Amino acid sequence: MKNEVTILILQDRPIGLELLQDDLRRVQLFPFFSYVANAAELKNSTQLAVADVILLVRRHFEMPFEDVLQVLRRKGMQIPIIVIVPTGQDREGMDLIKRGAQDYLLETELQRLPPSVLLAIRDHPAMTSDTPERGDRKSPQVPAVFFEPAGFANKRSAEALIGNLVDIVTELNIVGTILYESPSVTELLGYEQEELIGRSAFSLVHPIDVPRVMSVFMVALARPGVPHSVRFRFKHKDGTWQILESVGKSVLSSEGERQVIITSRVILEEVKSRAVIGDSEARFMYVVEGLGEGVLVTDTSDKILYANKQMEEFTGHDVSEILGQLSYELFLPKEAWPLYLQQKEKWLLGNREEYEISVPRKDGSLLCMHVNVSPYRNSEGIITGTLSAFADITKRKQAEEEVHRTFEHLKAAKERAEEMNRLKTSFLQNVGHEVRTPLNSILGFSSLMGELLVGTDYATYASAINTSGKRLLDTFESILDLSSVESNTLELNPVRVSLDAEIYRIKALHAPHAREKGLSMSVEIRTPLHAVVDPHYFERVTRNLINNAIKFTSEGSVLISMDRAQDSECAEIKITDTGIGISEEFLPHLFEEFYQESDGLARNFEGTGLGLRISKRLLDAMGGTLAVESKKGVGSTFIISLPLNIDTNEE
């Protein structure tokens, strides 16, 4: 009968392996089972001459694997041995393969027997189609297309056979691109064969499982001919996740290219457990894929195992293009590799690092990225790679550079303005000194002339000259004081003074001017106080405020009062007039230089508009304040506040 295969089972008790014959028949292998219970029966068995494959049940047969192999060698037989080992003994199974076993199965993985038998028949030299007849029966004629990777692409005569498999047969190249899928993928996973060919197999693996699957894939490539198994989640076409158990082995194609043949089976019995964890993992993956940051998982050699969709958006590379590549070769210039590899040693020791890099996109443009790198650990807590989060900070860096350029421009402009202000101040001081000398002469001689020419018209002219000179000198002094204040070159000479004495003295200087206008002027000192001030500038401020009160009052009075402030340790000096007052609209601009409520040629009062601004700045320099209360048409009150510090005492 075509495709008959004899399987010799080495076990000392019945464990129902014959129940696997249905699985074998689904792949067009029709088994004959023979049994050997102990070493003696094995040595005396005449059935070995016709066995195609031997199943050694490790836990239920007394002879070690090496002794079984020795018995076969003595008889000149090369029969592939598949060893069944207890669950959890993968290491022992791999060791047996190194010592000559064809394959190993865990006791919980017996559903893998059909592909394992097929691979054993294909790979073992005694099982090829040109092997001489053994007894009266030839070895099973398994279609070569199943075993030769290159055959999948061009020998469709075997499609009917492969289509009957309950497992999915997949052929991958060394970067994980699907070269072939068996027709059974349509029934089990919903995809047509053509939909998968050319895609990266890893792009359909659950992102959480990608690092583990990629690791097994790399090991399989590194150990040709040795089968490796892994269980993972694979995306069904309807969007759900199916659990697959896959066995893969690296082989050479007829063209000499390394490829991987994988046999996969859907694990249906885990549907319930999958449903339990499905919701939480779905939420987790929704978060990972929906992040505004790119996520990259690499192994310890820096090969990329996983990248989310945002990383794809950032770099312009399809995820399938970057899986398996070295991240630093893909995203860093060559000169930065040595430093990166030094930093990587810190990450693999468990340290977390942050840095900024320029990442090249597929189109050659650069993105400025902030990268946060952390060690990636497996379920046992062992560091198996790194987890990196990439944030695009290109726009932020551009904004920072623009702000920096603007700041530098403003800084240069400020320095230029300060230099110009310094030059202006120096110029004004020089001009002031040049003007003050002749003005002093003009004032002195005009005053003398007025005394000598009393009773004549010339005395009036001399008085006018003297008044104009004083006005001009006051204007220059205001300009010089403002320049000194604005350029921070004002020099104060504070001393302890009697404020009430100063007020009486200053009042006496202005009394004649008040009388000339028909105004009454009085002083009220409720509490005599001392303060530490610059006498010259205190007099200048007080004189300026009294002079304004007289100037803007046509009838009524000017009152100067002083007392201790009720709510603070300050001396409070008030200059109150019954003049024209200040409009509510103009009050916010009162202390700004050059502002006057009436200006232009039609203004009613003389002045530069600097007096109040200078007075306020001088008081600020001495630690005081200047405030105003006013009502249009009623009058104004200017309030000087000076702190009563440790050097200020009541008499």
Side-chain angles (χ1 to χ4, degrees), residues 4-25 29-128 131-140 142 225-229 247 249:
E4 293 176 356
V5 59
T6 297
I7 300 177
L8 179 62
I9 301 174
L10 309 185
Q11 62 181 23
D12 62 7
R13 69 197 69 185
I15 59 173
L17 292 179
E18 64 276 0
L19 296 177
L20 297 173
Q21 62 183 338
D22 290 339
D23 289 338
L24 291 164
R25 286 172 180 169
L29 290 178
F30 300 94
F32 292 90
F33 292 102
S34 299
Y35 298 91
V36 169
N38 52 54
E41 290 183 10
L42 175 63
K43 294 176 182 178
N44 297 327
S45 174
T46 58
Q47 300 176 23
L48 290 175
V50 294
D52 297 307
V53 178
I54 293 177
L55 287 184
L56 170 58
V57 183
R58 184 73 181 83
R59 190 160 58 167
H60 300 309
F61 196 69
E62 61 184 15
M63 291 183 69
F65 168 76
E66 287 79 1
D67 293 346
V68 174
L69 196 61
Q70 187 65 28
V71 170
L72 297 179
R73 288 174 178 172
R74 285 175 182 170
K75 294 191 176 187
M77 296 179 178
Q78 298 184 34
I79 302 175
I81 303 174
I82 299 173
V83 185
I84 299 175
V85 298
T87 302
Q89 299 297 319
D90 293 84
R91 186 179 296 277
E92 179 185 353
M94 294 304 299
D95 187 55
L96 289 171
I97 289 176
K98 293 178 183 178
R99 284 145 54 189
Q102 177 66 29
D103 197 358
Y104 77 91
L105 302 176
L106 299 178
E107 291 177 350
T108 56
E109 295 183 329
L110 298 183
Q111 71 274 11
R112 283 211 302 110
L113 182 62
S116 184
V117 170
L118 287 170
L119 291 171
I121 295 173
R122 185 203 70 176
D123 290 342
H124 204 280
M127 295 293 106
T128 56
T131 301
E133 295 185 7
R134 291 171 291 167
D136 58 352
R137 183 172 57 82
K138 293 184 177 180
S139 61
V142 180
V226 179
H228 295 273
S229 63
V247 179
K249 182 184 292 187

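Since the model is a prediction, treat every value here as computed from it, not as a measurement.
- With I9 as the fixed residue, the side-chain contact (heavy atoms from CB on, under 4.5 Å) test singles out one of L55, V36, I84: L55.
- Taking each heavy atom of K43 and K75 in turn, the nearest pair found is O-NZ, 3.1 Å.
- The two residues E62 and A39 have their closest heavy-atom pair at OE2-N, 3.0 Å.
- When side chains are defined from C-beta on, M63 does not count as touching L10, because their heavy atoms never get closer than 4.5 Å.
- Nearest heavy atom pair, residue F61 against residue Q11, reads CD1-N, 3.7 Å.
- For the atom pair CD of Q102 and CD of Q78, the computed distance is 11.5 Å after rounding to the nearest 0.5 Å.
- Distance check: D103 CG to K249 NZ gives 6.0 Å after rounding to the nearest 0.5 Å.
- For the side-chain contact (heavy atoms from CB on, under 4.5 Å) test with I82, the passing option among L56, I54, V117 is V117; the others fail.
- For the atom pair OH (Y35) and CG (D12), the distance works out to 13.5 Å, reported to the nearest 0.5 Å.
- Between I79 and L8 the shortest side-chain heavy-atom distance does not fall below 4.5 Å.
- The closest side-chain heavy-atom distance from V85 to L106 is below 4.5 Å.
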